[in-house]
Amino acid sequence: MKWSLIASVALGCAAALLASNTVVGQDAAGRTNGKTAPKPATKSDAKSDAKPDAKLPVKEKPATRTPNIIFIQAEATGWSSTSVDMDGEPPSHARGPELTPNLSKLASEGMRFSDFYVTAPRCTPSRSSWVTGISPAKMHMTYQNEGGANRREEGNGGSYNLMRMIPPEVEEYLPKGVQTTGDVLRELGYGTAHFGKWHAGRADPKANGFDASDGPNSNQGPERGVAPNPKQCTEIVDKGIAFMREQLKAGKPFFVQISHYGFGAEEEATPASLEVARKVAPGVSGKPLGAIAGQHDMDLQLGRLRAALAEMGVADNTYIFFSADHGAQGGGGGGGGGGARGGGRNAANPPLSGAKGSVSEGGIRVPFIAHGPGIPAGVVSNVRATGMDLLPTLRDLAGKPVGKPFEMPKEPDAQLSVEGGSLVSVLMTSGEHAGKGKVARTREEIVIHFPHYDLNNGGPASAIYLGQYKLVRNYDADTRKLFDIAKDRGEANDLASSMPEKVKELEEKLDAYLKAVKARMPRVNPDAGKAPADGGTSGDSAGGTPTTPTNPDGARPGGGQRRGGQGGGGGGQGGGRRRQQEQQGQNPPANPPANPPASPPANPPTTPPADKPTDPQISVMNDQVLLGGAA
């Protein structure tokens, strides 16, 4: 009853404040119809990662004032988790229109990207890239923070004694001296704030460029031991609106990052949203229903946010970006199915294969919507983009003079050099060129490096995108798979055997990139399949044959400084259930690959900065990561 009342009040307030604008769910006469009426999408055919074309006409921004910027980040929201049809092509795989009507309205008034990728299928590595414009591979932040009794670090290698590969260690802090979106915009005179789930290293957002925050929160939120939602879904927006008002009163533009927590059990969603979810997905219950209902709860908060912007008189001078940290949970890695366009049903991310924890499309291809002055309405862009592009894009939009191009780094492979490129040349084009254009990055290819076992993902893997092709290298299975991702987003047709030259070309580029950024690699476990009683050493020991050397002397880094665990106890050949069966003697263990994949050498792991305070909000993972980790 309480939550139904709150939801009703929130909806009433939003409707009243938006009275001067077109209200989602009404026809031209103002009658409520319960459906969205998005503008026809303009299809862009550009698929490019190369340098910008200066000849494309750029639409002038109507606002001459310094624009405000809001970035809304959802948790575990897949390409088809909302009501927005991300590519505008039939058949639509979006949820029903009543689930996220405010997001649909945002998309119909702005630009959506059909081919948008995060840099990792897990929270910490993805979020770290969003705020820095740098890949997890270069920052050595390829897995999420772990803590508590189940921390996977030195001396706790039992999780790996049956695995073919030993994942690398990860850093727990953003690199010392790195600039974040908060830093860049604060230097341009913005008031900057982050509210909600941070999970981009252990340090407080205030230590990373944000003037205000509610703490270095991970999955459990600011009130540890209490599920953050539905309470925090509303409170982080309350805090964001209050901060915006403060900045406007002070005469400053604002940059506010609102990052929602994940929705798990049904109790974490409001009763009103659960009813909507039951209509959208009849027959679903438990955690999946809670996740679907959570989309509606977040959507209500988007409505509140836009209503507040209208009331403050800054709606026409504010950019809003919406995306997610990774795909929805469910299913596993590997080949999707259902034909060339990937029409088969994956429980989490149809029509894409795979899900959270996997470098398959379902784990890393997510929604991205941009709305604001100068961005044409109702456009679907096919330009390939990535979370690393946010920082340069915001810098271009906020630059003084406005639109000053983001400068490419002189040393692109240096650890603190931004790898992403500005999307302004795509966002600000109009007419027949709307949604087209090219993005200038340090490299033409895009690499996703996730050298960890996780959520039955098939094992540590790297993926590289170049043009229409995607190559996936799995270190556990010692395989390479090639997909024409432009035609086969379900990854159903492996072209590796028929196009060996393309495989060679992409693998050479992948190796060159990993070597250049000194990526840490998984190494062969000599004791794979052996229990300690059989004479096997800990899978976390330094005795494994490294695919990549760690320190020059082959030893683990010392000094007593904490590093992150190595990530993921599952995956491999069948994941957690097989591991349990092997431990019980029910299945014979898999043997290590006869020919481990060659990998580039990594640099010695860097020491976490001593001046960074320990984050009291540690994300506690446990061995049920195989069945669904929260990060």
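What you are looking at is a predicted structure, and each value in this text was computed from that prediction instead of being measured. Quick note: residue numbers are just sequence positions, from 1.
- In summary, the side chains of T142 and H452 do present a donor paired with an acceptor at a separation below 3.5 Å, with no hydrogens or angles considered.
- For the atom pair T124 OG1 and H326 NE2, the distance stands at 9.0 Å (nearest 0.5 Å).
- Salt bridge status for R304 with D238: present, with a side-chain N to carboxylate O gap under 4.0 Å.
- A salt bridge links R306 to E109: at least one charged side-chain nitrogen sits closer than 4.0 Å to a carboxylate oxygen.
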Derivation and outcome, side chain to side chain donor-acceptor pair (under 3.5 Å), residues T386 and R441: CA-CA 11 Å; T386 168; R441 302 187 185 92; over 6 Å; no
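- A distance-only check finds no donor-acceptor pair linking the side chain of S273 to the backbone of A269 [under 3.5 Å].
- W130 and F116 have parallel rings, their planes meeting at less than 30° on a 0 to 90° scale where 60° marks the start of perpendicular.
- Considering every non-hydrogen atom in both S218 and Y261, the closest pair reads O-CE2, 3.1 Å.
- Atoms CD1 and OG1, on I69 and T181 in that order, are 9.5 Å from each other to the nearest 0.5 Å.
- Partner of M111 under the side-chain contact (heavy atoms from CB on, under 4.5 Å) criterion, chosen from I375, I369, V380: I375.
- For H93 against P350, the heavy-atom pair with the smallest separation is CB-O, 3.5 Å.
- The two residues E75 and C123 come nearest to each other via the heavy atoms OE1-SG, 3.4 Å.
- With rounding to the nearest 0.5 Å, the separation of CD in E491 from CG in D484 is 11.5 Å.
- In this structure K502 satisfies the salt bridge (charged side-chain N to carboxylate O under 4.0 Å, His left out) test together with E505, sequence neighbours excluded.
- A120 approaches P136 most closely through the heavy-atom pair CB-CG, 4.3 Å.
- Between Q295 and T100, the shortest heavy-atom contact is O-CG2, 3.7 Å.
- To the nearest 0.5 Å, the span separating NZ on K197 from CD1 on I236 amounts to 11.5 Å.
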Compile the donor-acceptor pairs under 3.5 Å between side chains in residues 275-286 and protein atoms, sequence neighbours left out, one pair per line.
residue, atom, partner, partner atom, Å
E275, OE2, R278, NH1, 2.8

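- Of all heavy-atom pairs spanning S323 and F368, the tightest one is CB-CD1, 3.8 Å.
- No side-chain N or O of D325 forms a donor-acceptor pair with one of S126 less than 3.5 Å apart.
- Note that CD of E266 and CD1 of I292 are 10.5 Å apart. Values are rounded to the nearest 0.5 Å.
- Between the side chains of S114 and N382, at least one donor N or O lies within less than 3.5 Å of an accepting N or O.
- Separation of atoms OG (S353) and CG (D488) is listed at 8.5 Å; rounding is to 0.5 Å.
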